[in-house]
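Report on one structure; see the data block that follows.
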Amino acid sequence: MALTRDAVVDAAVDLLGEVGLEGLSLRRLARELGVSAPTLYWHVADKRALLDHVAERLLADQWRAPGPAEGQPWWEWLHERALAQYRALVTHRDAALVVAGNRPTEDALPVVEATVATLVAAGLSPREAFWTIMAIGHFVIGSAVEYHAEQDRARTATPPPHCDHERGHERGHERSHERGHDPGAHPHLAALAADLGAATGERHEEVVSHGLDLMIGGLRARWG
């Protein structure tokens with residue numbers, strides 16, 4: 001069977017999940033596909049072009065419905081679309097790093113056009129619509145990067161060394177003050193800690209949703 005660009009992109013997505021962005025190369029991808037590296041250049045010009053296609057594949061669900069459903073307010077559609085992008089980016093390894101800096105391929109231009117048109121119909125100029133899409137996209141990508149960074153931090157955290165009870169209590173007390181965990185000195189932070197608990201994926205998404213509400217609320221106030 002002849003190799004297709006879709007097959008190349010599918011294999012790249014799978015390889016990304018296995019080795020991450022740093023380990024993804026055209027040479028390794030060719031080896032996974034059982035072809036020579038020059039063969040891939042019939043389908044993608046270079047690694048950056050490959051990553052543009054991979055980015056679109058990772059966000060495929062977002063591209064299937066570029067405009068609001070019938071009767072759906074544009075601001076609800078924009079919030080829903082951005083949150084769907086965030087979920088896709090935190091689901092796939094290094095997806096946020098792949099999407100950052102990507103450019104739409106020729107295949108994606110009709111969807112980009114429809115997305116801009118939705119915001120122009122809401123009262124924005126084409127430039128304002130494009131900047132809005134970019135600003136929300138940057139916020140979502142940054143939020144996904146932060147999510148993965150916190151997950152990596154949790155996985156690589158080193159537990160404190162074992163020590164006797166008295167010394168451990170003393171060191172724990174010192175660490176508490178060093179980290180600003182003294183409830184008497186920081187009552188509002190102590191109340192927040194009790195309210196929020198440990199950071200979780202759900203909590204991260206709540207923060208992203210809150211940020212989107214703020215951004216889109218500003219849009220509604222300006223353009224109705």
Side-chain angles (χ1 to χ4, degrees), residues 8-29 31-32 46-63 79-103 133-163 168 171-182 186 188-215:
V8 171
V9 175
D10 286 341
V13 171
D14 291 341
L15 188 57
L16 177 70
E18 294 175 15
V19 301
L21 180 57
E22 187 174 346
L24 176 60
S25 67
L26 290 178
R27 184 179 300 276
R28 182 160 184 175
L29 179 59
R31 189 165 64 246
E32 292 289 325
D46 50 33
K47 183 177 179 179
R48 183 61 259 182
L50 171 66
L51 294 180
D52 287 342
H53 287 288
V54 170
E56 289 175 9
R57 185 62 54 82
L58 293 171
L59 300 176
D61 289 343
Q62 181 184 17
W63 298 116
H79 186 284
E80 182 181 281
R81 180 185 176 93
L83 205 55
Q85 181 179 3
Y86 170 77
R87 289 168 181 161
L89 294 183
V90 298
T91 299
H92 299 279
R93 179 178 179 181
D94 286 348
L97 300 179
V98 172
V99 172
N102 87 293
R103 296 294 181 269
I133 294 168
M134 293 293 288
I136 291 178
H138 292 169
F139 168 70
V140 168
I141 292 170
S143 297
V145 169
E146 180 67 22
Y147 170 84
H148 283 297
E150 290 196 21
Q151 297 300 304
D152 289 339
R153 180 187 177 106
R155 281 193 296 268
T156 58
T158 303
H162 177 72
C163 53
R171 288 189 177 181
H173 183 69
E174 291 173 357
R175 282 195 297 269
S176 176
H177 281 278
E178 288 171 1
R179 296 176 184 175
H181 292 172
D182 181 2
H186 308 96
H188 294 94
L189 295 181
L192 275 173
D195 177 50
L196 297 179
T200 65
E202 289 183 2
R203 191 68 68 186
H204 275 276
E205 186 169 310
E206 287 178 18
V207 173
V208 174
S209 184
H210 177 70
L212 291 172
D213 282 340
L214 295 177
M215 296 179 76

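Being a predicted model, the structure only gives us computed values, none of them experimental.
Every side chain to side chain donor-acceptor pair (under 3.5 Å) that Asp10 has, sequence neighbours left out, goes to Arg57. Take Asp213 and apply the salt bridge (charged side-chain N to carboxylate O under 4.0 Å, His left out) test, not counting sequence neighbours, and it matches no residue. By the side chain to side chain donor-acceptor pair (under 3.5 Å) test, Asp152 is found to be paired with Arg155, residues two or more places apart in sequence or in another chain being considered. Applying the salt bridge (charged side-chain N to carboxylate O under 4.0 Å, His left out) test to Arg93 and every residue at least two apart in sequence or in another chain returns nothing. Applying the side chain to side chain donor-acceptor pair (under 3.5 Å) criterion to Arg87, with sequence neighbours excluded, gives Glu205. Residues that satisfy the side chain to side chain donor-acceptor pair (under 3.5 Å) test with Thr91, not counting sequence neighbours, are absent from this structure. Applying the side-chain contact (heavy atoms from CB on, under 4.5 Å) criterion to Ala49, with sequence neighbours excluded, gives Ala45, Asp46. Scanning for side-chain contact (heavy atoms from CB on, under 4.5 Å) contacts around Ala144 gives Tyr86, Leu89, Val90, Ala96, with sequence neighbours left out. Under the rule for a side-chain contact (heavy atoms from CB on, under 4.5 Å), the partners of Ala135 that lie at least two apart in sequence or sit in another chain are Met215. By the side-chain contact (heavy atoms from CB on, under 4.5 Å) test, Leu29 pairs with Val8, Ala11, Ala12, Leu15, Leu33, Leu40, Leu50, sequence neighbours left out. Residues meeting the salt bridge (charged side-chain N to carboxylate O under 4.0 Å, His left out) test with Asp52, sequence neighbours left out: Arg48.
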Pair Val99-Gln85, side chain to side chain contact (heavy atoms under 4.5 Å, CB included): steps then yes or no
CA-CA 10 Å; Val99 172; Gln85 181 179 3; 4.2 Å; yes
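The distance from the CZ atom of Arg81 to the CG atom of Leu212 is 12.5 Å, given to the nearest 0.5 Å. Annotation: the span from Gln151 atom CD to His204 atom NE2 amounts to 6.0 Å, rounded to 0.5 Å.
In terms of modelled atom types and a separation under 3.5 Å, the side chain of Asn102 and the main chain of Ala55 share no donor-acceptor contact.
In terms of heavy-atom proximity, Lys47 sits nearest to Leu24 at NZ-O, 2.6 Å. When all heavy atoms are compared, the tightest approach of Ala88 to Leu59 is CB-CD2, 3.7 Å. Taking all atoms of both residues into account, the shortest heavy-atom contact from Val13 to Leu58 is CG1-CD2, 4.1 Å.
Residue pairs that meet the salt bridge (charged side-chain N to carboxylate O under 4.0 Å, His left out) test with at least one member in residues 18-28, sequence neighbours left out, do not exist here.
A salt bridge links Glu206 with Arg203: at least one charged nitrogen is closer than 4.0 Å to a carboxylate oxygen.
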